[in-house]
Amino acid sequence: ENKPDAAVIELRRALQLNPHLAKAHFALGTVELQRGAALTAFQEFYAASLADPDDLQSQIMVAELLARAHNFTQAKRQAELILGRWPDNKTGTLLLAESEIGLQDYKRGNALVNEVLTVEPNNVRALQDFAFLQLAEGNLAQAQATLRRAWQLDPSSPAAVALLSTIYEGQRDLPTAESILKEALRQNP
């Protein structure tokens, strides 16, 4: 009902009665993440993953937040855990790829990203990761083309727009960077 404070109170009450309610931990983690409390959200997603090890979404959120915190070693372990149980999970594969990239194993990261793109050529997250790898190799034009494709596939993707405009900004092409941001805002106010 768009009442996060009330939701937090109710979820905490439910967890006081039964601290092993995985769905309540997951819901609380989701609300806390929306409120910007990443550490509390992580704790709740982790508790949910312990309460229900078969809950893929909790496992993914743990890995996502570890990666966002740049704890790539732990994110890699979590992604490997996910892929050990759900070997065909593309999000898990991309989390592993992003962890490898964060640990500067670009070759392994590239192989994992390409593994996803082979099966899902329009996977926006994989395209964004691929563009980052292209940038790391100094292939600016290819990275720009890849990001434009990702943006075209998902006009609401802030990562593709931000990285694309940053590339042009780095090249001192401020008018193009500005036009990208304006177009993105026009498409997704």
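Model, not experiment: these values are computed from the prediction.
No continuous path of ILVMFWY side-chain contacts below 4.5 Å connects L112 to V119, so the two sit in separate hydrophobic clusters. Note on L66: it clusters hydrophobically with M61, by side-chain heavy-atom contacts below 4.5 Å among ILVMFWY residues. The hydrophobic clustering, which links ILVMFWY residues whose side-chain heavy atoms are closer than 4.5 Å, places L103 and L133 apart.
By the 4.5 Å heavy-atom criterion applied to side chains, Q187 and S156 are not counted as neighbours. The closest side-chain heavy-atom distance from T91 to E64 is below 4.5 Å. Residues V8 and D5 form no side-chain contact, since every pair of their non-hydrogen atoms from C-beta on lies 4.5 Å or further apart. Residues L33 and L65 have side chains in contact (heavy-atom distance under 4.5 Å, counting atoms from C-beta outward). Counting heavy atoms from C-beta on, the side chains of E32 and L28 come closer than 4.5 Å.
Remark: N89 CG to L94 CG distance equals 9.0 Å, nearest 0.5 Å. Here the straight-line distance linking atom CD of Q43 with atom CG of L39 works out to 4.5 Å at 0.5 Å rounding. Separating the CD atom in Q144 from the CD atom in Q134 is a distance of 10.5 Å, to the nearest 0.5 Å. Once rounded to the nearest 0.5 Å, the distance linking OG1 of T146 with CG of L127 reads 6.5 Å. To the nearest 0.5 Å, atoms CG (L117) and CZ (R125) are separated by 12.5 Å. Atom-to-atom distance recorded for S49:OG and L81:CG is 8.5 Å, nearest 0.5 angstrom.
Side-chain N/O atoms of Q57 and D55 include no donor and acceptor closer than 3.5 Å.
Sorted by first and then second residue, the ring pair (Phe, Tyr, Trp, His ring centres under 6.0 Å) pairs with a member in residues 50-71 read H70-F72; sequence neighbours excluded. Pairs engaging residues 93-134 under the ring pair (Phe, Tyr, Trp, His ring centres under 6.0 Å) rule: none recorded [sequence neighbours left out]. For residues 24-69, the pairs satisfying ring pair (Phe, Tyr, Trp, His ring centres under 6.0 Å) are F26-F45, with sequence neighbours left out.
Here the shortest heavy-atom pairing between A51 and A22 reads CB-CB, 3.8 Å. L95 and A63 make their closest contact through CD1-CB, 3.7 Å (heavy atoms, listed as atom of the first residue, atom of the second, distance). Across all their heavy atoms, I82 and L56 have their closest contact at CG2-CD1, 3.8 Å. Closest heavy-atom contact between A24 and L11: O-CD2, 3.9 Å. Residues P155 and N188 come closest through the heavy atom pair O-CB, 4.3 Å. When all heavy atoms of L21 and A14 are compared, the closest pair comes out as CD1-O, 3.8 Å.
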Open item on the list: Using side chain to side chain donor-acceptor pair (under 3.5 Å), reason through Q171 and D173 one step at a time and then give a plain yes or no.
Closed with: CA-CA 5 Å; Q171 293 177 312; D173 186 351; over 6 Å; no
TODO: Check the pair R149 / L153 against side chain to side chain contact (heavy atoms under 4.5 Å, CB included), numbers first and verdict last.
DONE: CA-CA 6 Å; R149 182 164 168 238; L153 291 167; 4.2 Å; yes
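The salt bridge (Lys or Arg N to Asp or Glu O under 4.0 Å) check on R77 picks up nothing, with sequence neighbours excluded. Contacts of R172 classified as salt bridge (Lys or Arg N to Asp or Glu O under 4.0 Å), with partners at least two apart in sequence or in another chain: none.
Judged by distance alone, the side chain of N71 and the main-chain N or O of Q74 form a donor-acceptor pair under 3.5 Å. Side chain of S165 to backbone of A162: a donor-acceptor contact under 3.5 angstrom is found. Listed for the N114 side chain is a donor-acceptor partner under 3.5 Å among the backbone atoms of N110. Remark: side-chain polar atoms of Q128 are paired, donor with acceptor, to backbone N or O of A160 under 3.5 angstrom.
Taking a 6.0 Å sphere around CD of E120, one finds it holds more than 12 heavy atoms contributed by other residues, nucleotides or ligands.
Electrostatic pairing of K23 and D52 does not count as a salt bridge here, judged by no charged N lying under 4.0 Å from a carboxylate O. Look at E183 and R148 and you find no salt bridge, because none of the NZ, NE, NH1 or NH2 atoms lies under 4.0 Å from a carboxylate O. Salt bridge status for K76 with E100: present, with a side-chain N to carboxylate O gap under 4.0 Å. By the 4.0 Å N-to-carboxylate-O rule, E115 lies too far from R108 to be salt-bridged with it.
Applying the 4.5 Å side-chain rule to ILVMFWY residues, one finds L135, L140, L147, W151, L163, L164, I167, Y168, I180, L181 in the same cluster as V161.
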